[in-house]
Amino acid sequence: MCVVDVRRRIVQANTPLARLLGKDRPSEVVGQALNRFLNTDIDKVLDRARRRRAPVAINLRTVPRIGAGRKVPAFIAFHEVNAGNPRRSSAVVVITPRAFGDHIATTSYSQRLEIALDVGALGAWGMDLRTGEAWRTDRHDRIFGYTQSLPRWSYEKFIEHVVPEDRGRVNRTFEEAADAKTRWVFDCRIVRKDGETRWISIQGGFEDDAQGAPKAMFGVVCDITDRKRAEEQVEFLAYYDSLTQLPNRRLLDDRLEHALLHARRNGRLGVVLFLDLDDFKSVNDTQGHQVGDEMLVEVASRLRDCLRPGDTVARFGGDEFVVVLEDIGRNSDEAVASAREVAQIIRTTLLAPYELSARERRHTSCSIGTVIFGDCQSEPSVLLRQADLAMYRAKAAGGNTVRAYEPEMQAAIDTRVALERDIQQGIENDEFVLHYQPQLNLQDNTIKAEALLRWQHPKRGLLYPGEFIPTVEASGLILPLGRWVLQNACQRLGEWRDIEPMASISIAVNVSARQFHAPGFIDDITTAIAQFGVDPRRLVVELTESVLLDSVDKARAIMAELTVRGIRFALDDFGTGYSSLYYLKRLPLHQLKIDRRFVCGVLSDTHDAAIVHTIITLAQAMGMEVVAEGVECAATRDFLIAHACVQQQGFWFSHALCADMFAHYVRANPFEQALAAGSADP
Ligand code: C2E
Ligand code: CA
Ligand code: CA
C-alpha cells in the first residue's frame, strides 16, 4: 500500500510495497514517482479504467537489487481522495502481484481497499499544511463518531475532539515532529461526536516542499480503546485487590511513600491504621468462604464510606486492612486525638450487623493499631510494622479495641530478637549447663535426679529457665536446645555408669511439647542413649499435659515406641492442667509429679491437702509412682510421708546442684539430715 500525491509521487509506503518495488525500506521509495515503476502512464490507465469501471491491471516494472529490471504483473487499486479537485487530489494505492491479484480480481478496487483498511481497522487521512484542508476515508470519520462523512476536516476540528487534558501533549508532539521532520505516533483520548470517550492511536509523517519545509501530513488513525481497557485491566489487577476493589499492598506502599513525603514537606502529620477482623477465621470455617468473601467486601465498602475522598484504604491481605489518613494535625496532640477518633468511628462502623447471604446476621469486631507519621523520618515498611505491632496489642487485649503504637512495643520485640540471637550464640558457645536436683525416696533411701537447665550467660550471670525457656519455646530454638539437654543428660549417665554409687542414679529430663512432637524426637533419644551406652531405664522423660493438647493418640504412639525401648515417663505439674482420668488411663505413664503449688499449701489449705491426698491415692490405684515436688519444710515432708508419698523433691532437701556437687551430695548419704526434725535449716 502507498499514498501518492497529486503528481503521483509516493509520499508514504509500507514495507511490502517497498519490497515489491525491489527495495528494502519504504524510505527508499518515498519521494519517487510511482510511474517510474510502471510500464504505462498511470493517469491514462486510470482514465481508461474509470470509463470501463474496472479494476486497473498494470505490469509493474520492478527494480531488483541485482541485475536488470524484471516485470511483475500486478493489479493496482486506486482510491482517490478529493477526486473532484484534480489539483488537490491524492490517492491511496494498493498494489497486488497478479498471482494473488487474480484471485481477488472479482472484487471491486474500492472493496479491496476497504478490506485492506478494515484489516488494520485504519482510517487514513492527509492534510495540506498551507491550506489546512484535509482528506480522510470514511472510517477515519467513523472513528470520530460521524456516521456520515463530514464535508470538512481540519487540525482544529481534530483538536476539538481531543480531551482537554491531552491537547497540550498532542500539540507538542506535532510541533516537535514537524521540527525534527520525523514520523510520529501517539495515543490520546478523544470525545466522539456521540459523546463517548475513546482512545485512538495516530501515526503519520510529513511531506516537505522544495525548500524543505513541511507542506503536508499523512497518516492513519485507529481506535485502540479495547487495547487500552485491557491494559488498564492489567494495571488494575497489579495494583488492586480483585475481591474488594481496594488498593493492594503494592499500591499502598506507593501511596504511603507519597504521604510520607507530603507530610515531611508540609509539616502536617498523618496516621496509619492497621486493622484486623477479630475471629474472621470462624466465619470462614463455619459459614464457608463465600460468606467470608461477602463480609470482606462489605467491610471494604464500610471503610470507604467512613473516609474522606483523598484517604487511602487498602486490603493488606486476608482480613487485614490498612487506612492512611493525611493532614490530621499540626502537632502530635492534635494528630493523636483525631487518629483515635477515626479509629473509634471505624471500629463502631464495622461492629454493625452484616446482612450476608447466609441466613443469620453476622457480627464482627476488629482490632486496630495506629501509628502517627510525619514527626520523624520513617519508611513505609517500618510504619506498617509498627501499626501491625500495635494491632497485635489490641488483639492481645481481647480485640474490639484500638491501640496506639508506643516505642516500648518495638523495644519488647527488639529484646526478644536479641534474646533469640543470644540463645543461639549460647548454644554454639556451650554456655548452657544442667544442674541436678535430688529426688529422695525416703522409704528405701535411694536417690534420683531431675536435670534442670541453667544458662551461664557471659554478661548476665547464671540465668534460670523462667528467664529464657518461654522465648526458646516460642522461637523454635527449643529443638536444638532440647536435643542438647538430652545429649548432655545421657552423657552424664554414661559417665556415672561405672562409678559407685552414681551408677544407680536415674535422671529425669524435662521435654517441652514442641520438642516432643517434633519429627526427630524418638531418634534424638535413641541416638543419645546409644551414643553414651546408657541403660534406657535410667532415663525418665518429664512431660506436661500440654503434649496432649494436639492429640492423645499421637502422644500415646510416641510414648509407646519409647516405652518399648525401656524409657519411662513422668507427668509433670500434675493437677494444674486439665488432668483427665481418661488419658491417665490410656498413657504409658510411670510416675505422677504433684505440682509444687499444691504441695506448698498442704499445711495451710484444706483444698490443697485434699488434692494432694487424692493424687497420691490415684497414682497408687493406677500403679504409678508419685513424686511430690516443692517440699520446703519438714512439716510438709511429714504430711506427705503420712499420706504414703515417699518420693520427694524440694529445697528442704536440696536445690539443684552442678554435677560434681550432686555427686558429692549423693555420697554424703543425706537421708539422716533429710529426715531431721523440723527446725533444722535445709
Ligand atoms: P519444673 O519441671 O516444674 O521444675 C521444677 C522447678 O521447681 C525448678 O525450677 C526447681 O528449681 C524448682 N523447685 C524445686 N524445688 C523447689 C522448692 O522446694 N520450692 C520452690 N519454690 N521451687 C522448687 P527451675 O529450675 O527454675 O525450672 C523451672 C522450669 O523450667 C521447670 O519446671 C521446667 O518446666 C523448665 N525447665 C527446666 N529445665 C528444662 C529443660 O531442660 N527443658 C525444658 N523444656 N524445660 C526445662
Ligand atoms: Ca520437671
Ligand atoms: Ca514440675
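For ligands, and for the atoms within them, numbers begin at 1 and follow the listed sequence.
Not a single N or O atom of E473, backbone or side chain, sits closer than 3.5 Å to an N or O atom of ligand 1. For ligand 1, the polar-atom distance check finds an N/O of E450 within less than 3.5 Å of one of the ligand's N/O atoms. Considering backbone and side-chain atoms alike, F651 places an N or O below 3.5 Å from some N or O of ligand 1. The N/O atoms of Y464, backbone and side chain alike, include none that comes under 3.5 Å of an N/O atom in ligand 1.
Salt bridge absent: K281 and D319 never bring a charged side-chain N and a carboxylate O closer than 4.0 Å. Salt bridge E473/R514: absent, no basic N to carboxylate O contact under 4.0 Å. Contact check on E542 versus K593 returns a salt bridge, with a Lys/Arg side-chain nitrogen under 4.0 Å from an Asp/Glu carboxylate oxygen.
Of all the N, O or S atoms in E450, the one closest to the Ca ion (ligand 2) is OE2. When the Ca ion (ligand 2) is compared with the N/O/S atoms of D572, atom OD2 turns out nearest. Distances from the Ca ion (ligand 2) to each N, O or S atom of E542 single out OE1 as the nearest.
Judged by distance alone, the side chains of D241 and T244 do bring a donor and an acceptor atom under 3.5 Å apart. Counted by atom type alone, E450 and N510 present one or more donor-acceptor pairs between their side chains at under 3.5 Å. Checked by atom type, the side-chain pair D553/S551 shows no donor-acceptor distance below 3.5 Å.
Of all atoms in ligand 1, numbered sequentially from 1 with element shown, those under 4.0 Å from a heavy atom of V485 are 41 (O). Applying the 4.0 Å criterion to heavy atoms of E632 picks out, from ligand 1, the atoms 17 (C), 18 (O), 19 (N), 20 (C), 21 (N). Each of the following atoms of ligand 1 lies closer than 4.0 Å to a heavy atom of S512: 44 (N). Numbered from 1 in the order shown, with element, the atoms of ligand 1 that lie under 4.0 Å from a heavy atom of Q437 read 10 (C), 14 (C), 15 (N). Taking a cut-off of under 4.0 Å to the non-hydrogen atoms of V631, the atoms of ligand 1 that pass are 18 (O).
Contacts classified as side-chain hydrogen bond (donor to acceptor under 3.5 Å, both in side chains) and involving residues 493-506 (residues at least two apart or in different chains) are given here: R492-E495.
Ring centroid separation for the pair F639 and H643 comes in under the 6.0 Å cut-off.
Heavy atoms of D572 found under 4.0 angstrom from ligand 1 belong exclusively to the side chain. At a 4.0 Å heavy-atom cut-off, ligand 1 does not touch K593 at all. Counting heavy atoms closer than 4.0 Å to ligand 1, residue H435 contributes nothing at all. Of all the heavy atoms of D573, the ones lying under 4.0 Å from any atom of ligand 1 belong exclusively to the side chain. When heavy-atom distances to ligand 1 are checked against a 4.0 Å cut-off, L452 comes that close through both its backbone and its side chain. Residue contacts with ligand 1, taken as heavy atom pairs separated by less than 4.0 Å, do not involve H655 at all.
Stacking of R362 on the aromatic ring of Y354 is not recorded, the 6.0 Å distance cut-off and the 45° axial limit not both being met.
Between the side chain of R637 and the main chain of A674, a donor-acceptor pair closer than 3.5 Å is present.
By the 30° and 60° cut-offs, the orientation of the rings of W455 relative to F432 is parallel.
Contact annotation: Q515 has no heavy atom less than 4.0 Å from any atom of ligand 1. Heavy atoms of G630 approach ligand 1 to within less than 4.0 angstrom.
Considering only non-hydrogen atoms, atom 6 (C) of ligand 1 lies nearest to R596 out of E542, R596, R454.
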When the side chains of residues 382-402 are checked against the rest of the protein, which donor-acceptor pairs come out under 3.5 Å, sequence neighbours left out?
| residue | atom | partner | partner atom | Å |
| --- | --- | --- | --- | --- |
| K395 | NZ | D276 | OD1 | 2.6 |
| K395 | NZ | L277 | O | 3.1 |
| K395 | NZ | D278 | OD1 | 3.2 |
| N400 | OD1 | R347 | NH1 | 2.9 |
| T401 | OG1 | A394 | O | 3.1 |
| T401 | OG1 | G399 | O | 3.3 |

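Within a 6.0 Å radius of CD in Q443, other residues, nucleotides and ligands contribute 12 heavy atoms or fewer.
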